[in-house]
Amino acid sequence: MKSKAEQKRMFRVALETKVQRMFGRSIRGVSEDQIYRAMSQVVSDLVKEQRAYSRELMRNHQGKELYYLSMEFLMGRALGNNLINLGIADVVEEVCTELGLELRELQEIEPDPGLGNGGLGRLAACFMDSLASLGLKATGCGIRYEYGLFQQKIVDGYQVEISDPWLENGSNWEIALPEETEIVKFGGFVEATEVDGRLVYEHKGYQSVRAVPYEMPIMGYDSEVVNSLRLWAARATKHLDMSLFGQGKYLDALEEKELAEVISKVLYPDDNHPEGKALRLKQQYFFVSASVQSIVRKYKKQYGPNFSQFPEHVVIHINDTHPALAIPELMRILIDEEGLDWDQAWTVTKSTFAYTNHTIMEEALERWPEALFRDLLPRLWDIVYEFNERFCASLWERYPGDWDKIARMSIIAHHEVKMAHLCIVGSFSVNGVAQLHSQILREQVFAEFAEFYPEKFTNVTNGVTFRRFLLKANPGLADLLTDRIGDAWIKKPEELSQFLRYQDDQATQEALARVRYDNKVALAKYISDHNHVRVDPRSIFDVQIKRLHEYKRQLLNILHVLHLYNRLLEDPSFDMHPRTFIFGAKAAPGYGMAKLIIKLIHDVAERINNDRTIDDRLKVVFLENYRVSLAEAIIPASDVSEQISTAGKEASGTGNMKFMLNGALTIGTLDGANVEIDQAVGRDNIFIFGLTAEETNQYYLDGTYRPYEVYMADPYLKQVLDQLVNGFVNAQHVALYQDLQHGLLHGWGGMADPYFVLKDFASYRHAHEKINEQYMQPALWWKKAIINIGNAGYFSSDRTIEDYNQRIWKLH
Ligand code: 26Q
């Protein structure tokens, strides 16, 4: 181990040399952007050295390897994370100071790659961190989107989407591997011929696309294993044929190239809502086919062509149904290319795949039209069809004559392929992402499958990486923890429970309050720079940051804010600690109601923030372009975490865990992982309100919910709902919120207020009253914050990965 002074000297020399070699100038003569580029190159060199060493170690590794297939990996910026994982963050910080630079500012230059929408994509990224940190061999497989999730601008209170060309200036964190290109085939037809008494299938008349892998090395914290995130880019198979130019066909050739490359062009911006477009299906097959082909190729190279051992060396995890085509794709490769018969191929396949479901909502389950599927993937269609025939036959044996049940469980029905059914039948394991979610899957959504395959169903509660969301995002708190309980918590999350000993210690409570205050000052500065609103760091920072969705109920939050404003205006004795409500959320571009709610938040903010009569006691801020790096800035500065989804709708939530870990107190419904957070901290240390999942489910079944009656019976609620349409919220545009209000009170053909915003309003209001009372008692509040931090260990993705490994993957 080199001394710190030596490490500093070496890093400084490496950086200065890199600057000279890249730009032909000395470090004094280059811009901050150029220094970032040089520094990221130096750090990426170190990571690659480590990776080479790790691969040497692993060369003869015979154990099982995990492939984690996901359409999304929402990785966040790499520089700071890699510095931490290399163990040189403070060395580099000091070198920067010597050079008159701010490491924090350099980090801000890195584009934040948005290769995911929200929870599902971020979970995949946390898993990559924990797998490497725990020393487990794993490869993430996904798509190298040229454009990530759109960047959000707010114009006059409305969301405007701007493209996100995150690769524009190249990336230092990836390694191109064109020699490992795979070919993916679309369209055409299948011809079956008999050869030596067996049917051989040939795919003809197809179009092929090249899949070129780019690997991003994934370092763990304090671990020798460096894993890879393998992202596939689509390229045309043929180069532009200049001879076509003379024939006037140059444009046709160009068009063909564009058609191939469009596959990996852009991430679909839908979250919890399947968009049934042909291009989306192409994306799915593209990355799944390339991944499975390369997995099989690597297996054969290492173990030869005997596939009976395949499941002992390979486990493929599919992150929701988006990569479900991997199942028939493996069947295809084993049968058509490796010569196995159906039963042999099926024996291998059904022991290879594990599937995680991330959504409860019926309407969010993926289905593909038969015609689209068959035209685009004719050979896979045949396989899925056969697969379904055999599955239905087995159902018939178990439930003879029960046609209705068989029709409900069938993979293909009403000319659609149900991807979740394909996953359940084709995997050896099916899991939900929080206890309540898994229970709902077992008892409601997939009840019939759980009866048929009881042994497959399990739960693995989600988790988040403490390295990014505490150590990196909140260095002040990390230092405080390490000062009190040592630094073992970074690798052993359960060690955080040692911090519980300090819950009544006044010095620790005050130190925690100071850390929070400093973080709030920093966030207040950000808000003042970006929103031109002055917020008081002594006010309660009450935060809701997540995708905008009706079920997540940002509407409930903003209606309550409006209510508080009414109280301040009307009741001079209203005793409220100053509050700052902070929102961050992107709406899917096609989701009109979600976009309207963003506008409503802005209209309410505009009205409140400009009202001098309330003495700055209430502020509302919408932070534009919510993304991973912004989450890292907001969460450590948050006092209150809003986790207020309609009970039974949020599969787990993971933001809830990040807030808890940083000592914010949760106001939430008994939904998703909130249920387990409640159990971990105890009811005194969380603000629970609202209907339970059982109650909402009962209303859905019996249809007795009457929001209009709730509205008429609660004058506070009536007031805010009336203000939506009477010009109070937006005097210029009175009609804007009429539809919204109508939907809540009467519905649009369907159920009125299906997310129970009105029904939960009163109990939400009361929960907020409790927050107000308790925040004004610092000894009580900070004790609760410490209890939250001390009980967060369970919600580490290290624990989640250990659970997956024990129950499902069984890696060594
Ligand atoms: C599907 C087809 C076509 C286009 C888009 C999609 C699509 C894309 C993203 C469907 C769903 C998603 C994302 C789902 C998601 O993020 N779910 C969240 O997963 C988290 C991790 O398990 C949970 O914590 C959240 O509760 C859940 O909402």
Side-chain angles (χ1 to χ4, degrees), residues 68 70-74 114-127 142-143 145 148-149 266-285 287 317-325 355-369 372 417-420 423 431-438 440-441 459-465 545-553 585-586 588-591 628 643-659 668-669 671-677 693 795 797 800 804:
Y68 195 84
S70 178
M71 287 285 274
E72 310 191 2
F73 287 91
L74 194 45
L115 308 189
N117 275 286
L120 167 146
R122 183 54 233 178
L123 186 76
C126 284
F127 283 7
I143 298 178
Y145 300 106
L149 184 63
V266 59
L267 168 78
Y268 272 86
D270 306 272
D271 175 272
N272 272 307
H273 175 83
E275 179 78 64
K277 296 275 163 56
L279 180 59
R280 169 86 183 179
L281 189 60
K282 272 195 193 170
Q283 289 187 330
Q284 295 185 347
Y285 184 64
F287 98 96
H317 204 94
I318 51 188
N319 198 22
D320 216 302
T321 54
H322 319 152
L325 295 172
Y355 155 58
T356 299
N357 171 286
H358 296 265
T359 185
I360 307 168
M361 287 182 294
E362 190 66 41
E363 67 274 19
L365 296 175
E366 257 192 312
R367 305 158 189 215
W368 289 103
L372 176 63
V417 184
K418 297 184 175 174
M419 303 307 266
C423 287
N431 76 282
V433 290
Q435 271 170 24
L436 175 66
H437 170 55
S438 297
I440 293 174
L441 291 182
N459 170 251
V460 186
T461 298
N462 281 169
V464 301
T465 171
I545 43 175
K546 49 183 81 248
R547 283 301 288 259
L548 214 141
H549 226 293
E550 286 164 281
Y551 84 79
K552 295 178 188 281
R553 297 200 296 191
K586 288 180 181 174
Y591 190 171
V628 175
Q643 307 300 336
I644 60 176
S645 53
T646 308
K649 295 289 181 192
E650 189 72 274
S652 160
T654 44
N656 46 3
M657 302 168 185
K658 295 163 197 166
F659 281 103
T669 47
D671 198 18
N674 297 353
V675 174
E676 287 155 83
I677 292 178
F795 302 101
S797 46
T800 307
Y804 271 100

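Just so you know, ligand 1 is whichever comes first in the structure, and atom 1 is the first atom listed for that ligand.
In this structure, Trp368 falls outside the shell of residues with a heavy atom less than 4.0 angstrom from ligand 1. Residue contact annotation: Gly653 has a non-hydrogen atom under 4.0 Å from ligand 1. At least one heavy atom of His273 sits closer than 4.0 Å to an atom of ligand 1.
Checked by atom type and distance alone, the side chain of His549 pairs as donor or acceptor with a backbone atom of Asp271 at under 3.5 Å. Here the side chain of Asn462 pairs no donor or acceptor atom with the backbone of Ser652 at under 3.5 angstrom. For the pair Arg553 (side chain) and Ile644 (backbone), a donor-acceptor distance under 3.5 Å is present. Side-chain atoms of Glu72 come within 3.5 Å of backbone N or O of Asn117 as a donor-acceptor pair. Although no hydrogens or angles enter the test, the distance criterion places a donor-acceptor pair under 3.5 Å between the side chain of Thr800 and the main chain of Thr461.
Each of the following atoms of ligand 1 lies closer than 4.0 Å to a heavy atom of Ala651: 26 (O). Listed by atom number, the atoms of ligand 1 under 4.0 Å from Glu366 heavy atoms are 2 (C). Ligand 1 places these atoms under 4.0 Å from at least one heavy atom of Asp270: 5 (C), 7 (C), 8 (C), 9 (C). Interface atoms of ligand 1 facing Tyr551, defined by a heavy-atom separation under 4.0 Å, are 28 (O).
Counting heavy atoms only, Asn272 comes closest to atom 11 (C) of ligand 1 of the residues Asn272, Asp320, Thr321. Closest heavy-atom approach to atom 25 (C) of ligand 1 among the candidates Glu650, Lys649, Met361, His358: Glu650.
Side-chain contact between Lys277 and Tyr268: present, with at least one pair of heavy atoms (C-beta onward) separated by less than 4.5 Å. The shortest side-chain heavy-atom distance between Ile318 and Cys423 falls under the 4.5 Å cut-off. When side chains are defined from C-beta on, Asn431 does not count as touching Asn357, because their heavy atoms never get closer than 4.5 Å.
In this structure, His317 has its ring center no closer than 6.0 Å to that of Tyr355.
Considering only non-hydrogen protein atoms, atom 1 (C) of ligand 1 sits nearest to Arg280 NH2, 3.3 Å. For atom 16 (O) of ligand 1, the closest non-hydrogen atom of the protein is Leu120 N, 3.0 Å.
Checked by distance only, ligand 1 and Gly118 stay at 3.5 Å or farther apart across all their nitrogen or oxygen atoms. No N or O atom of Gln284 sits closer than 3.5 Å to an N or O atom of ligand 1. Polar contact with ligand 1: absent for His322 (N/O pair, distance under 3.5 Å). Not one N or O of Glu72 is nearer than 3.5 Å to an N or O of ligand 1, by distance alone.
The aromatic rings of Phe127 and Tyr804 lie perpendicular to each other, with more than 60° between the two planes, well past the 30° mark.
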